[in-house]
Asks: 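Have a look at this one.
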Amino acid sequence: MRLDHLSFAAGPDGLASTAQRLGGLLGQEFADGGIHPRFGTRNMILPLAGDTYLEVVEVLDHPASDKAPFGQAVRARSSLGGGWLGWVVAVSDIKPMEERLGREAVNGNRHRPDGKELLWKQIGVNGLIADPQLPFFIQWESPAEDHPSAGGDDGFSLACLEIAGDPGRVSDWLGETVDAPLEDVKVEWVAPHGTPGVVAAQFQTPSGLVRI
């Protein structure tokens with residue numbers, strides 16, 4: 001179990017402009033990630049050190065976005081002006097999560113601009129919708145060399161994640177201590193009685209620390 005990526009919903013200016021704005025703050029350009037046909041969304045990504053990455057995601061005017069929980073979550077966050085959607089934990093075997101949550105994972109895929117198709121399974125987005133401090137889970141089925149973090153600049157890394165919520169609640173959701181997937185990332189638990197969710201992320205860049 002490890003932190004896989006952070007997800008940021010595009011604002012009213014759209015995917016490209018949101019990615020350009022964040023990329024300008026970080027000093028690095030996002031790359032086109034492609035369309036998620038099953039979810040009715042598309043993304044742009046920025047690889048980070050430590051096998052993690054940052055994605056900016058946008059909902060499409062597509063029937064799938066109204067049916068798929070992930071599309072619903074992105075649409076809801078973007079309708080509020082965009083911002084942090086959540087964090088995602090990668091697992092090597094998603095079956096224990098299926099058993100614990102009492103439902104099957106859904107298949108995900110997207111075609112990169114170079115034609116390569118990425119495949120994965122995910123579960124727990126409904127938990128994120130109900131309680132945004134909770135991550136959802138992903139099991140990659142594509143080879144490690146095709147992971148979205150591949151080819152990134154080691155000078156860009158996630159230094160700190162600020163989450164409004166209760167670490168005990170998140171640990172219960174994970175089925176183990178919250179420190180497990182976040183052992184290499186500093187976490188600050190803020191506003192325990194406020195609106196739960198990712199409040200901000202701090203990134204180490206060649207120009208210094210950037211908080212978004």
Asks: Mind checking the CZ-OG spacing from Phe8 to Ser78? Nearest 0.5 Å is all I need.
Replies: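 If we round to the nearest 0.5 Å, Phe8:CZ and Ser78:OG are 9.5 Å apart.
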Asks: Taking the inter-plane angle between the rings of Tyr53 and His5 on a 0 to 90° scale, is it parallel (under 30°), tilted (30 to 60°) or perpendicular (over 60°)?
Replies: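 Answer is parallel, since the angle falls under 30°.
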Asks: About how many Å separate CG of Asn126 and CZ of Arg103, when rounded to the nearest 0.5 Å?
Replies: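 So the CZ of Arg103 and the CG of Asn126 are separated by 5.5 Å.
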Asks: Does any part of the side chain of Phe70, heavy atoms only, come nearer than 4.5 Å to the side chain of Val57, both counted from C-beta?
Replies: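 Counting from C-beta outward, Val57 and Phe70 do come under 4.5 Å.
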Asks: Please determine, by modelled atom types, if Asn107 and Trp120 share a side-chain donor-acceptor pair under 3.5 angstrom.
Replies: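 On atom types as modelled, these side chains do not qualify, holding no pair under 3.5 Å.
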Asks: For a quick test of reading the model, state the closest non-hydrogen atom pair linking Leu161 to Ala201 and the distance between them.
Replies: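 For Leu161 versus Ala201, the nearest heavy atoms are CD1-CB, 4.2 Å.
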Asks: Rounded to the nearest 0.5 Å, how far does CE of Met97 lie from CD1 of Ile138?
Replies: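 The distance works out to 13.0 Å.
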Asks: Report whether Val178 and Val187 are members of the same hydrophobic cluster (ILVMFWY, side-chain heavy atoms less than 4.5 Å apart, transitive linking).
Replies: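 The answer is yes; both residues are in one hydrophobic cluster.
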Asks: Taking everything shown except Glu188 itself, do over 12 heavy atoms lie less than 6.0 Å from its CD?
Replies: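 Buried by this count: over 12 neighbours within 6.0 Å.
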Asks: Any salt bridge between Glu98 and Arg100, counting N to O under 4.0 Å?
Replies: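 No.
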Asks: Is there a donor-acceptor contact under 3.5 Å linking the side chains of Asp4 and Thr52?
Replies: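 Short answer, no.
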Asks: Ignoring hydrogens and angles, state whether a donor on the side chain of Ser7 or Glu55 is under 3.5 Å from an acceptor on the partner side chain.
Replies: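 Distance-only check passes for Ser7 and Glu55.
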Asks: Evaluate the side-chain proximity of Trp87 to Leu128: yes if any heavy-atom separation is below 4.5 Å, no if none is.
Replies: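 With C-beta onward as the side chain, the pair stays apart.
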Asks: Do you know which two heavy atoms are closest between Lys121 and Ile94, and how far apart they sit?
Replies: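 In terms of heavy atoms, the two residues are closest at O-CD1, 3.7 Å.
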Asks: Do Pro206 and Phe156 have side-chain heavy atoms sitting under 4.5 Å apart?
Replies: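 Yes; the side chains approach each other to less than 4.5 Å.
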Asks: Please tell me if the side chains of Arg110 and Pro148 come closer than 4.5 Å, counting only heavy atoms from C-beta onward.
Replies: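 Yes, their side chains come closer than 4.5 Å.
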Asks: Residues sharing Val190's hydrophobic cluster, by side-chain heavy-atom contacts under 4.5 Å among ILVMFWY, directly or via others?
Replies: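 Once heavy-atom contacts under 4.5 Å are chained together, Val190 belongs with Val199.
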Asks: Mind checking the CH2-CD1 spacing from Trp189 to Ile163? Nearest 0.5 Å is all I need.
Replies: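 Going from the CH2 atom of Trp189 to the CD1 atom of Ile163 covers 4.0 Å.
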Asks: Would you say the side chain of Trp173 lies within less than 4.5 Å of the side chain of Pro135, judging by non-hydrogen atoms?
Replies: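 Yes, at least one pair of side-chain atoms sits under 4.5 Å.
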Asks: Any non-hydrogen side-chain atom of Met1 less than 4.5 Å from a side-chain atom of Leu174?
Replies: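 Answer yes - side chains close enough.
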Asks: Between Asp51 and Arg2, does any side-chain N to carboxylate O distance fall below 4.0 Å?
Replies: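 No, this pair does not count.
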Asks: Find the distance between CG (Leu158) and CG (Leu54) and round it off to the nearest 0.5 Å.
Replies: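 Going from the CG atom of Leu158 to the CG atom of Leu54 covers 9.0 Å.
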Asks: Do Leu101 and Ile123 have side-chain heavy atoms sitting under 4.5 Å apart?
Replies: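 Yes, close enough: below the 4.5 Å cut-off.
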Asks: Any heavy-atom pair between the side chains of Phe137 and Gln122 that's under 4.5 Å?
Replies: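 No. Closest side-chain heavy atoms not under 4.5 Å.
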Asks: If you measure from the Lys or Arg side-chain nitrogens to the Asp or Glu carboxylate oxygens, is any gap between Asp114 and Arg112 under 4.0 Å?
Replies: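 Arg112 and Asp114: salt-bridged.
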Asks: Transitively linked via ILVMFWY side-chain contacts under 4.5 Å: Ile35 with Leu85?
Replies: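 As far as the 4.5 Å side-chain criterion goes, Leu85 and Ile35 are not connected within one cluster.
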Asks: With rounding to the nearest 0.5 angstrom, report the CD1 to CZ distance, Ile45 to Phe30.
Replies: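 Spacing of CD1 (Ile45) from CZ (Phe30) equals 9.5 Å.
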Asks: Does anything in residues 25-42 form a side-chain hydrogen bond (donor to acceptor under 3.5 Å, both in side chains)? List the pairs, not counting sequence neighbours.
Replies: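 Checked against side-chain hydrogen bond (donor to acceptor under 3.5 Å, both in side chains) - neighbours excluded - the pairs reaching residues 25-42 are His36-Thr41, Arg38-Asn109, Arg42-Glu58.
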